[in-house]
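Quick notes on the structure that follows.
Computed from a predicted model, the values in this text were never measured in an experiment.
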2 protein chains.
Amino acid sequence: MASKLPVSLKDIAEAAGVSTITVSRALRGLPLVKPDTRKQITEIANRLGYVPNQVASSLRSRKTGLIAVIVPTVAGSIFSDTVNSISNELGKAGYQIIIGESSYDIDQEQAVLEALVQRRPDGVIIAGVNHTRTSRELLALMNVPVVEIWDMTDDPVDSVVGFSNRGAAYQFTLALIEKGYRKFAIASGPMEHRNRAQQRAVGHCEALAEKGLSSFGSIVIPHFMGMLSSGETLLKFVTDTSDVDCLFCTNELIAIGATVQCRRAGMRIPDDIAIVGFGNVEAALIIDPPLTTVTIHGAEMGREAARIVFECLSGKRDGHVSIDVGYTITWRGTA
Amino acid sequence: MASKLPVSLKDIAEAAGVSTITVSRALRGLPLVKPDTRKQITEIANRLGYVPNQVASSLRSRKTGLIAVIVPTVAGSIFSDTVNSISNELGKAGYQIIIGESSYDIDQEQAVLEALVQRRPDGVIIAGVNHTRTSRELLALMNVPVVEIWDMTDDPVDSVVGFSNRGAAYQFTLALIEKGYRKFAIASGPMEHRNRAQQRAVGHCEALAEKGLSSFGSIVIPHFMGMLSSGETLLKFVTDTSDVDCLFCTNELIAIGATVQCRRAGMRIPDDIAIVGFGNVEAALIIDPPLTTVTIHGAEMGREAARIVFECLSGKRDGHVSIDVGYTITWRGTA
DNA sequence: AGCATTTATGGTATCGATGTCATTCGGATC
DNA sequence: GATCCGAATGACATCGATACCATAAATGCT
């Protein structure tokens with residue numbers, strides 16, 4: 001309602017018998033303030049319980065100390081490593097993050113972006129490389145560092161820190177074929193033009209095609225479905241789809257759900273059916289058998305993205321960076 | 001660096017031939033603007049790509065639209081339901097949250113609070129009821145709604161939405177004794193004065209004492225340890241501590257880790273040893289056997305806290321609310 | 001001593017919006 | 001046509017800090 005705190009720079013200035021600007025300099029630790037003066041000002045500030053008003057500071061200095069982070073969702077563990085590492089990394093430098101959820105939808109993303117931009121963040125980190133035209137224009141207009149993450153592109157808004165979802169799925173599939181699997185089915189989240197699920201599916205299919213194989217089936221799991229209920233759906237799907245020997249899941253959560261439910265239904269994994277995930281979240285380690293998956297370096301992407309934003313803001317760099325952090329195929333028990 | 005967007009109210013005002021204040025009113029949807037004028041202004045605003053500057057608005061109106069949320073950690077799934085439901089609930093009303101992590105430490109909490117207060121949030125939601133003196137003073141000074149969550153207290157800063165950690169542990173332990181367990185050991189996160197781990201341990205011990213039982217041992221797991229490594233430590237602990245028939249864990253993550261590692265070591269659960277958790281996160285459902293635990297209504301607490309903040313801000317209510325959302329003992333396979 | 005620098009401080013405008021109060025306008029009323 | 005009233009608009013101050021430029025005091029140097 002009223003976020004008014006009673007003490008402002010002016011009050012301190014009056015109490016100390018100096019001008020507000022001197023107080024401002026003293027408290028910000030700028031040079032050119034006499035040590036005595038600074039000490040006295042600091043003391044008065046503490047005594048009065050002064051808390052700087054960052055809103056006023058932001059308005060005048062055009063620096064909010066805010067970095068906007070947009071991810072599809074913060075629920076579930078998929079993006080939490082990334083968000084945490086961004087937050088930790090930027091926190092060290094005194095930045096605060098404000099998070100927006102795009103809900104896997106570029107129009108929603110645009111709405112969220114527009115809301116966040118009103119707060120004039122000093123930088124933007126955004127998951128994905130596919131945005132509406134308006135979003136791209138807005139990002140460009142803002143004139144702040146922008147880092148797209150979790151994917152690669154030839155045509156970034158500014159900088160990019162990601163990996164090739166398509167390439168990872170392609171290589172992973174080749175490796176699975178190498179291991180002897182032949183009868184693949186694919187389970188995926190909703191696919192839209194050039195989103196990650198779609199790219200992964202494309203990579204998978206390319207590998208199949210290259211080896212002269214064709215898919216034994218596919219199923220789409222909606223976003224809001226929990227691990228166990230997607231697992232149920234997938235159990236039904238694989239028992240109904242005869243002859244599948246490997247279920248290729250384009251995201252980790254549905255792979256975990258499928259593994260748990262198939263095992264609870266008495267299937268032997270990977271003998272009756274192999275299941276592989278994509279992402280590697282912590283939960284993949286606690287199921288039996290632990291999940292074979294593609295490890296996405298979420299924390300690393302967050303860290304690098306944060307570093308780029310920070311370095312651009314401190315003038316050490318100019319943007320337009322592309323970093324491919326790669327991926328790691330992690331063999332565990334399910335394939 | 002420069003979050004400057006090129007178009008301000010003034011530009012629109014000039015283009016439309018009206019004053020800035022009229023533009024402001026038009027775009028905010030206030031009454032007393034002629035429909036024609038509004039339409040024209042809206043159109044110009046869109047054409048010029050105007051994005052309101054919330055920083056300036058916040059400064060003048062003393063409303064930032066920001067709610068500070070402080071939790072021990074956002075990593076892991078413990079508090080994510082709560083944070084998500086706060087965010088969703090307040091998002092509907094146009095508020096944005098800024099998150100701070102106290103790292104389970106009240107001095108750190110104070111530091112985080114001081115940082116967040118600089119942004120002049122319109123409200124504060126904070127996990128826990130035990131704060132430093134300075135934190136409490138600051139919260140009071142701010143003159144905004146404050147809701148403490150995840151615990152109960154007789155002496156809230158303002159409002160509270162929680163449950164009795166001690167009572168839950170007490171009742172749960174009684175129920176376990178009723179089920180036939182007698183030889184308890186306790187595994188806990190670090191305990192500090194009146195923190196949640198400590199309250200849960202106290203409740204547990206009270207129940208034991210009341211039934212004339214005494215603990216067979218206790219172990220503390222540091223915060224930063226992952227599920228599987230705490231599980232290893234606990235496996236060693238229970239095999240070294242003879243005769244324990246039920247491991248009472250004061251948090252969910254260590255219970256899951258313990259269950260997974262004990263089972264992988266070939267122990268039968270709950271026959272060789274029962275293990276119970278506290279919290280109920282999604283991962284508790286995917287292990288075998290699924291974890292018996294106390295379900296904490298994290299999303300409900302978040303929703304209620306958000307509702308209180310919102311209602312206070314819209315003048316429908318005056319603060320000083322206490323809500324006990326209770327807890328639910330959830331029997332599954334591990335006890 | 002005289003002058004150039006550096007150090008320390010202050011005055012004032014400004015960031016971009018909104019609160020407050022004043023003013024204008026159009027039409028209804030008599 | 002004069003008066004009144006509410007609808008529509010505007011002028012101005014202000015939120016709390018910082019940028020920018022000016023100035024005073026202290027120091028260095030020849």
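At a threshold of 4.0 angstrom between heavy atoms, the contacts of B:V18 are confined to the sugar-phosphate backbone, with no base atom among them.
Of the candidate nucleotides D:dT18, C:dC15, D:dA17, C:dC15 has the atom nearest to the side chain of A:R62. The A:L59 side chain lies nearest to C:dG16 when the options are D:dC15, C:dG16, D:dA19. Closest to the B:S19 side chain, of the nucleotides C:dG19, D:dG16, D:dG10, is D:dG10. When distances are taken from the side chain of B:L32 to each of D:dA7, C:dA8, D:dG10, the shortest belongs to D:dA7. Nearest to the side-chain atoms of B:T20 among the listed nucleotides D:dT18, D:dG16, C:dT18 stands C:dT18.
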Validation: residues 34-43 of chain B side-chain donor-acceptor distances under 3.5 Å, sequence neighbours left out:
unit_1 : atom_1 : unit_2 : atom_2 : d
B:R38  : NE     : B:A26  : O      : 3.3
B:R38  : NH2    : B:L30  : O      : 2.2
B:T42  : OG1    : B:R38  : O      : 2.6

Please tabulate, for the side chains in residues 110-118 of chain A, all donor-acceptor contacts under 3.5 angstrom to protein atoms that are two or more places apart in sequence or on a different chain.
unit_1 : atom_1 : unit_2 : atom_2 : d
A:Q110 : OE1    : A:T132 : OG1    : 2.7
A:Q110 : NE2    : A:E114 : OE2    : 3.4

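Proximity of B:T37 to the phosphate of D:dT9: a side-chain N or O atom is located under 4.0 Å from OP1 or OP2. Taking only side-chain nitrogens and oxygens, B:Y50 never comes nearer than 4.0 Å to OP1 or OP2 of C:dG16.
Bending across the helix from C:dA1-D:dT30 to C:dC30-D:dG1, expressed as the angle between its end axes from five pairs apiece, amounts to 40° (10° rounding).
Summarising the geometry, the separation between NZ on B:K63 and P on C:dT18 is reported as 11 Å, rounded to the nearest angstrom.
No hydrogens or angles were tested; on distance alone, a donor-acceptor pair under 3.5 Å links the side chain of A:R25 to the base of C:dG10.
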